[in-house]
**Q** 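Supplied in structure tokens, the structure appears directly below.
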Amino acid sequence: MSHKVIMVDPITLNKMKQHYQEYVQPKVPPGAVFTAKKNGSTITAYKSGKVLFQGNASLAEAAIWGTLEQKQKTTIKKHSKPATIFSPPKNISTLSIIGSDEVGTGDYFGPITVTAAYVRREQFELLKELGVKDSKNLKDPQIISIAKDLIHTIPYSLLVLHNEKYNTLQQSGMSQGKMKALLHNQAIGHLKEKIGPEEPEAVLIDQFVDPAIYFKHLYGKSYTKENTYFSTKAEGIHLAVAAASIIARYSFVKEFEKLSEKAGILLPKGAGSQVDIAAAKLMKKHGFETLRQFTKLHFANTEKAKKLAKFEL
């Protein structure tokens with residue numbers, strides 16, 4: 001079995017953790033941050049910054065990060081701190097922009113919802129009056145109330161990736177990261193058409209992957225790099241991303257309610273132990289194949305639910 005070891009800094013390590021989120025395994029060795037399995041390669045990242053790649057595809061997988069690491073080291077030497085052309089400018093919060101965000105990627109049940117929203121600078125005060133802010137500081141009832149006003153106030157584009165389609169794409173070899181990139185790009189493109197000929201001053205995407213990998217996922221698709229920026233915690237940077245997140249969450253909650261009604265049981269959000277129990281009940285009630293339309297099958301919850309359905313329920 002071939003293997004490769006590289007050393008990365010904390011910034012790259014965090015990017016790797018985000019990149020391999022959907023491939024993370026439940027068990028990690030002592031001192032490790034995460035272990036993931038992707039396309040014949042096992043990736044184990046340690047707190048020390050050491051990352052071990054094992055398997056037939058390990059050299060190719062490691063090469064991606066080795067290249068990024070070298071580029072980042074060069075940047076640090078020249079500028080004393082990491083810099084990228086895709087980092088938002090300091091005045092981003094004052095611009096009229098399209099912001100995009102997604103919800104549901106870490107939930108076993110329920111779809112992925114992606115929204116792009118356009119907010120003009122003259123709408124800032126109105127959105128604040130409506131209660132628009134970082135959705136992580138809002139509960140679902142508040143989000144629903146705000147979203148009902150918001151969808152009639154600003155232009156937006158909403159896409160919903162249901163689990164049956166998600167599972168088909170995932171089993172064909174497409175990563176969740178690529179799905180998200182394609183959805184964000186499509187939502188942004190739809191919104192630009194909707195608001196045209198008006199042009200946003202910028203586009204800000206809530207960052208879930210390194211920009212270079214994001215654009216690599218879009219190979220063969222139409223997209224624009226100019227004035228497109230990425231940032232983690234972008235909901236706190238611009239109201240457009242906060243608005244997009246609220247609308248995406250509103251849609252996710254509505255879709256989740258439909259799924260619970262269809263399942264005949266209350267489906268819990270997230271990917272914890274309560275999710276395993278609910279999936280086991282669903283499996284016993286309707287059979288294993290029914291999980292395809294309700295869940296993201298490749299999550300570790302599927303195997304846990306199978307064991308519960310067989311041995312405990």
Side-chain angles (χ1 to χ4, degrees), residues 86 88-89 91-105 110-161 179-209 211 214 218 221-256:
F86 298 112
N91 68 333
I92 187 75
S93 64
T94 68
L95 304 180
S96 300
I97 75 164
I98 288 176
S100 70
D101 201 1
E102 83 284 333
V103 173
T105 57
I112 292 176
T113 57
V114 175
T115 300
Y118 180 46
V119 177
R120 303 176 182 90
R121 59 169 62 87
E122 57 266 27
Q123 295 175 300
F124 291 170
E125 291 306 315
L126 173 59
L127 263 62
K128 289 177 183 177
E129 287 182 17
L130 292 177
V132 174
K133 58 183 178 180
D134 188 337
S135 67
K136 293 181 182 63
N137 298 321
L138 298 169
K139 296 186 182 299
D140 283 350
Q142 293 173 293
I143 286 173
I144 292 169
S145 176
I146 295 168
K148 285 180 177 178
D149 290 327
L150 196 54
I151 59 177
H152 299 295
T153 305
I154 60 171
Y156 69 94
S157 175
L158 168 68
L159 297 175
V160 180
L161 179 61
M179 292 182 216
K180 289 192 286 186
L182 293 171
L183 288 167
H184 275 268
N185 185 60
Q186 188 177 353
I188 292 165
H190 286 173
L191 185 52
K192 283 184 174 180
E193 290 178 6
K194 186 181 288 187
I195 66 174
E198 185 175 353
E199 286 286 337
E201 293 177 279
V203 172
L204 179 60
I205 299 170
D206 192 59
Q207 186 170 344
F208 56 89
V209 72
Y214 174 87
L218 301 183
K221 304 293 181 181
S222 176
Y223 61 86
T224 303
K225 287 186 178 181
E226 186 178 2
N227 296 326
T228 296
Y229 305 105
F230 298 79
S231 177
T232 57
K233 301 180 180 179
E235 293 175 68
I237 295 176
H238 200 287
L239 284 169
V241 183
S245 179
I246 287 171
I247 295 172
R249 182 70 185 182
Y250 173 56
S251 174
F252 176 80
V253 169
K254 289 199 301 179
E255 293 294 335
F256 214 92

**Q** Determine which pairs satisfy ring-ring contact (aromatic ring centres under 6.0 Å, His included) with at least one residue from residues 131-150, sequence neighbours left out, and list them in order.
**A** none
**Q** Does the side chain of F86 reach to within under 4.5 Å of the side chain of K225, using non-hydrogen atoms?
**A** yes
**Q** Just wondering, do I98 and L204 contact through their side chains at under 4.5 Å, heavy atoms?
**A**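 Answer no - side chains too far apart.
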**Q** Distance check, rounded to the nearest 0.5 Å: D206 atom CG versus E102 atom CD?
**A**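 With rounding to 0.5 Å, CG (D206) is 6.5 Å from CD (E102).
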**Q** Side chains of Y214 and K180: does their closest heavy-atom pair fall under 4.5 Å?
**A**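 Y214 does not reach K180 side chain to side chain.
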**Q** Grab the two heavy atoms, one from H238 and one from S93, that are nearest each other, plus how far apart they are.
**A** CD2-CA, 3.6 Å
**Q** Taking atom NZ of K221 as the centre, does the number of heavy atoms from other residues, nucleotides or ligands within less than 6.0 Å exceed 12?
**A** no
**Q** Would you sort out whether L218 and L182 count as a side chain to side chain contact (heavy atoms under 4.5 Å, CB included), showing the intermediate values?
**A** CA-CA 6 Å; L218 301 183; L182 293 171; 4.0 Å; yes
**Q** Check whether any side-chain heavy atom of K233 sits under 4.5 Å from a side-chain heavy atom of I237, and report yes or no.
**A**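 They are not in contact (no side-chain heavy atoms under 4.5 Å apart), so the answer is no.
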**Q** Looking only at non-hydrogen atoms, find the nearest pair between L183 and L159 and report the distance.
**A**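 In this case the closest contact between L183 and L159 is O-CD1, 3.4 Å.
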**Q** Ignoring hydrogens, what is the shortest heavy-atom contact between G99 and A240? Give both atom names and the distance.
**A** N-CB, 3.6 Å
**Q** Would you say the side chain of I154 lies within less than 4.5 Å of the side chain of L127, judging by non-hydrogen atoms?
**A** yes
**Q** Could you give the distance from OH (Y250) to CD (E255), rounded to the nearest 0.5 Å?
**A** 11.0 Å
**Q** Is there a side-chain contact between I246 and L150, using heavy atoms and a 4.5 Å cut-off?
**A** yes
**Q** Would you give the length of the straight line joining atom OG1 of T224 to atom CD of E199, rounded to the nearest 0.5 angstrom?
**A**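 That separation rounds to 8.0 Å.
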**Q** Do R121 side-chain atoms and T94 backbone N/O form a donor-acceptor pair below 3.5 Å?
**A** yes
**Q** Using a 3.5 Å distance criterion without hydrogens, assess whether the side chain of T113 forms a donor-acceptor pair with backbone atoms of A248.
**A** yes
**Q** Does D101 reach the main-chain N or O of V241 with its side chain, forming a donor-acceptor pair under 3.5 Å?
**A**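 No; zero donor-acceptor contacts below 3.5 Å.
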**Q** Would you please name every residue forming a ring pair (Phe, Tyr, Trp, His ring centres under 6.0 Å) with Y229, sequence neighbours left out?
**A** none
**Q** For K192 and P200, work out which heavy atoms get closest and say how close.
**A**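 Taking every non-hydrogen atom into account, CE-CG, 4.4 Å.
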**Q** Does some side-chain heavy atom of S251 sit less than 4.5 Å from a side-chain heavy atom of T115?
**A** no
**Q** Looking only at non-hydrogen atoms, find the nearest pair between Q123 and Y118 and report the distance.
**A** OE1-O, 4.1 Å
**Q** Is there side-chain contact between R249 and L138, with at least one heavy-atom pair below 4.5 Å?
**A** no
**Q** Name the residue from V114, L191, I247 that meets the side chain to side chain contact (heavy atoms under 4.5 Å, CB included) definition with S157.
**A**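 By the side chain to side chain contact (heavy atoms under 4.5 Å, CB included) criterion, S157 pairs with just one of V114, L191, I247: L191.
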**Q** Within this structure, what is the CZ-CG distance for the pair F252 and D140, rounded to the nearest 0.5 Å?
**A**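 Reported to 0.5 Å precision, the distance equals 8.5 Å.
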**Q** Just wondering, are more than 12 heavy atoms of other shown residues or ligands nearer than 6.0 Å to CD in E122?
**A**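 Result for CD/E122: enclosed.
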**Q** Provide the closest heavy-atom pair for I188 versus S100 in the form atom of the first, atom of the second, distance.
**A**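 Where I188 meets S100 most closely, the heavy atoms are CD1-OG, 3.9 Å.
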**Q** Ring centroid separation for Y156 and H190, is it under 6.0 angstrom?
**A**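 For Y156 and H190, the ring centres are not under 6.0 Å apart.
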